[in-house]
Amino acid sequence: MAISGLVITFNEEKMIGKCIDALFKVCDEVIIVDSNSKDNTVAIAKEKGAIVISQAFLGDGPQRTHGLPFCKNDWILNLDADEFLDSDAEEFILNANYLQGNFDAFSFRVKNFLGDKLIDFAGWYPDHKVRFFNKSTAKPSDSIVHQKIIAQNEKKVSVHILHYGWESLEQIIAKKNQYSSWHAQQLYDQGKRINAFKPILNGKVAFFRCYFIKKGFLNGLDGLTISLIQAFFSYMKYAKLIKIQKNNK
């Protein structure tokens with residue numbers, strides 16, 4: 001199997017062992033780019049047979065790009081430590097279906113879990129991500145947060161990644177808060193400037209989209225909660241951008 005598994009990590013000792021084991025089902029090597037973890041991530045990764053590269057965090061996209069030269073194969077399966085291939089995605093790769101056609105990147109559907117509960121409402125499914133690509137013609141963007149793969153010929157396929165990203169609502173909110181800070185700084189660095197109405201407007205739009213258009217209201221309190229979290233992320237992203245603007249006047 002001429003496929004390299006690539007994972008960026010920071011303090012992922014709970015998940016990294018299972019992630020590497022799963023990657024070796026379809027990959028002949030696994031490369032870990034670790035951001036100086038303080039736990040046992042590195043030791044576990046090495047014990048599982050992965051090659052570990054230490055690199056202070058450069059941002060989501062640049063950190064992934066940093067790992068590409070260490071991958072011996074052109075085809076890259078670039079999962080996060082809390083992501084695993086579902087059985088249909090494993091079959092897609094093992095049967096070499098990705099070699100049919102002239103595609104250099106594949107977007108998989110993502111099943112997001114809160115603990116063991118699938119969040120398949122309020123716009124969280126199907127959540128598409130490109131995690132499988134050919135590095136000879138496709139590469140991660142240089143975005144600090146929520147990077148995308150820049151490809152010449154991308155294809156969406158109806159196979160799945162399982163994402164066990166959170167064990168509690170507190171973790172979701174904490175991560176969304178962190179992402180909003182990174183995203184705000186990225187927007188500022190890109191020259192984005194906004195007025196004081198932008199956070200309120202976007203927060204309302206995000207809630208309306210998730211709760212009504214994406215039918216979060218059909219899922220009771222869970223649908224309301226997820227919709228409010230999305231609104232919180234959108235609001236805080238732009239509220240923090242305004243603060244950065246004021247601090248840099």
Side-chain angles (χ1 to χ4, degrees), residues 1-12 15-16 19-20 22-24 26-38 41-42 44-46 48-85 89 93 98-99 102-110 127-157 161 163 165 175-176 178-192 237:
M1 295 175 288
I3 299 171
S4 297
L6 175 64
V7 185
I8 62 173
T9 59
F10 178 70
N11 292 346
E12 296 286 357
M15 304 291 284
I16 191 60
C19 178
I20 293 171
L23 283 169
F24 272 127
V26 297
C27 302
D28 63 342
E29 69 169 1
V30 175
I31 308 297
I32 304 295
V33 182
D34 183 74
S35 304
N36 301 319
S37 290
K38 307 302 181 183
T41 298
V42 171
I44 295 171
K46 290 181 177 179
K48 290 290 184 178
I51 298 171
V52 179
I53 310 300
S54 295
Q55 171 61 52
F57 190 61
L58 303 169
D60 189 21
Q63 194 76 355
R64 298 174 196 272
T65 300
H66 181 79
L68 291 181
F70 298 96
C71 298
K72 67 181 182 182
N73 302 309
D74 286 337
W75 281 102
I76 309 296
L77 180 56
N78 180 205
L79 300 182
D80 286 342
D82 54 12
E83 294 176 341
F84 307 87
L85 294 181
I93 293 176
Y98 59 94
L99 297 177
N102 189 29
F103 301 103
D104 61 349
F106 292 91
S107 177
F108 295 169
R109 291 183 173 186
V110 181
D127 176 21
H128 285 275
K129 288 183 181 179
V130 175
R131 289 295 197 230
F132 189 51
F133 63 92
N134 191 310
K135 71 175 183 179
S136 63
T137 54
K139 64 178 182 178
S141 68
D142 59 0
S143 298
I144 297 174
V145 61
H146 292 160
Q147 64 82 33
K148 297 180 179 180
I149 298 299
I150 303 171
Q152 296 182 6
N153 194 14
E154 175 187 327
K155 182 179 182 180
K156 286 186 177 182
V157 289
I161 292 171
H163 178 214
K175 284 192 176 182
K176 290 290 186 182
Q178 182 182 57
Y179 291 158
S180 68
S181 297
W182 290 344
H183 207 157
Q185 186 62 55
Q186 179 174 288
L187 289 172
Y188 182 82
D189 293 342
Q190 292 173 346
K192 181 76 172 180
K237 174 175 60 178

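Side-chain atoms are counted along with the backbone in the values below, which use heavy atoms only and exclude waters and symmetry mates.
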**Student:** Run the ring pair (Phe, Tyr, Trp, His ring centres under 6.0 Å) test against F132 and tell me which residues pass, sequence neighbours left out.
**Tutor:** W75, Y98
**Student:** Check F84 against A22 and note the closest heavy-atom contact, atom names and distance.
**Tutor:** CD2-CB, 3.9 Å
**Student:** Counting N and O atoms only, with roles assigned by atom type, does the side chain of D104 sit under 3.5 Å from a partner on the main chain of N134, one being a donor and the other an acceptor?
**Tutor:** no
**Student:** Give, for atom NE2 of H163 and atom CG of D82, the distance between the pair rounded to the nearest 0.5 Å.
**Tutor:** 3.5 Å
**Student:** Should S54 and N36 count as side-chain neighbours, where that means a heavy-atom distance under 4.5 Å?
**Tutor:** yes
**Student:** Return yes when atom NZ of K48 has more than 12 non-hydrogen atoms of other residues, nucleotides or ligands closer than 6.0 Å, and no otherwise.
**Tutor:** no
**Student:** Name all residues meeting the side-chain contact (heavy atoms from CB on, under 4.5 Å) criterion together with S107; count only those two or more places apart in sequence or in a different chain, and write none if there are none.
**Tutor:** H128, V130, E154, K156
**Student:** Tell me every residue that passes side-chain contact (heavy atoms from CB on, under 4.5 Å) with F103, counting only those two or more places apart in sequence or in another chain.
**Tutor:** F106, N153, K155
**Student:** Using the side-chain contact (heavy atoms from CB on, under 4.5 Å) criterion, which residues pair with A50? Sequence neighbours excluded.
**Tutor:** I20, V30, I32, A45
**Student:** Apply the test side chain to side chain contact (heavy atoms under 4.5 Å, CB included) to residues K72 and D28: give CA-CA distance (whole Å), side-chain angles for both, the deciding distance (0.1 Å), then the verdict.
**Tutor:** CA-CA 10 Å; K72 67 181 182 182; D28 63 342; 3.5 Å; yes
**Student:** Going by salt bridge (charged side-chain N to carboxylate O under 4.0 Å, His left out), name the residues that satisfy it together with K46, two or more places apart in sequence or in a different chain.
**Tutor:** none
**Student:** Can you tell me how far apart CG (N11) and OG (S37) are? Round to the nearest 0.5 Å.
**Tutor:** 4.5 Å
**Student:** Which heavy atom in E12 sits nearest to a heavy atom in T41, and how many Å separate them?
**Tutor:** N-OG1, 2.7 Å
**Student:** Roughly how far, to the nearest 0.5 Å, is CD1 of I51 from CG of L6?
**Tutor:** 11.0 Å
**Student:** With a sphere of 6.0 Å drawn around NZ of K139, does it hold more than 12 non-hydrogen atoms of other residues, nucleotides or ligands?
**Tutor:** no
**Student:** Kindly say whether K237 contributes a backbone atom to a donor-acceptor pair with the side chain of S180 at under 3.5 angstrom?
**Tutor:** no
**Student:** Scan the side chains in residues 143-150 for donor-acceptor partners under 3.5 Å anywhere in the protein, sequence neighbours excluded, and list what turns up.
**Tutor:**
from: S143; atom 1: OG; to: S141; atom 2: OG; distance (Å): 3.3

**Student:** What do the steps show when you test T65 against D142 for side chain to side chain contact (heavy atoms under 4.5 Å, CB included), and what is the final call?
**Tutor:** CA-CA 8 Å; T65 300; D142 59 0; over 6 Å; no
**Student:** Output every pair passing salt bridge (Lys or Arg N to Asp or Glu O under 4.0 Å) with a member in residues 2-11, not counting sequence neighbours, ordered by first then second residue.
**Tutor:** none
**Student:** Decide whether E29 and S4 meet the rule of one side-chain donor and one side-chain acceptor closer than 3.5 Å.
**Tutor:** yes
**Student:** Nearest 0.5 Å, what's the CD1-CG distance between I93 and L85?
**Tutor:** 5.0 Å
**Student:** Can you list every pair that meets salt bridge (Lys or Arg N to Asp or Glu O under 4.0 Å) and has a residue in residues 51-60, with sequence neighbours left out?
**Tutor:** D60-R64
**Student:** Could you measure the distance from the CD atom of Q185 to the CD atom of Q190? Nearest 0.5 Å is fine.
**Tutor:** 10.5 Å
**Student:** Is it true that a side-chain atom of K175 and a backbone atom of G165 form a donor plus acceptor pair closer than 3.5 Å?
**Tutor:** yes
**Student:** Of all residues at least two apart in sequence or in a different chain, which pass the salt bridge (charged side-chain N to carboxylate O under 4.0 Å, His left out) check with K129?
**Tutor:** E83
**Student:** Please round to the nearest 0.5 Å and tell me the distance separating atom OG of S136 and atom CG of L68.
**Tutor:** 11.0 Å
**Student:** Flag the pair I31 / I53 as yes when at least one side-chain heavy-atom distance between them is below 4.5 Å, and no otherwise.
**Tutor:** yes
**Student:** Can you list the residues that meet the side chain to side chain donor-acceptor pair (under 3.5 Å) rule with S35, with sequence neighbours excluded?
**Tutor:** Q63
**Student:** Got F108 and V157 here, is their nearest side-chain heavy-atom distance under 4.5 Å?
**Tutor:** yes
**Student:** Can you list everything that forms a ring pair (Phe, Tyr, Trp, His ring centres under 6.0 Å) with F57? Sequence neighbours excluded, please.
**Tutor:** W182
**Student:** How would you list, by chain and number, every residue that makes a ring pair (Phe, Tyr, Trp, His ring centres under 6.0 Å) with H183, sequence neighbours excluded?
**Tutor:** none
**Student:** What heavy-atom pair brings I16 and T9 nearest, and what distance separates the two atoms?
**Tutor:** CD1-CG2, 3.7 Å
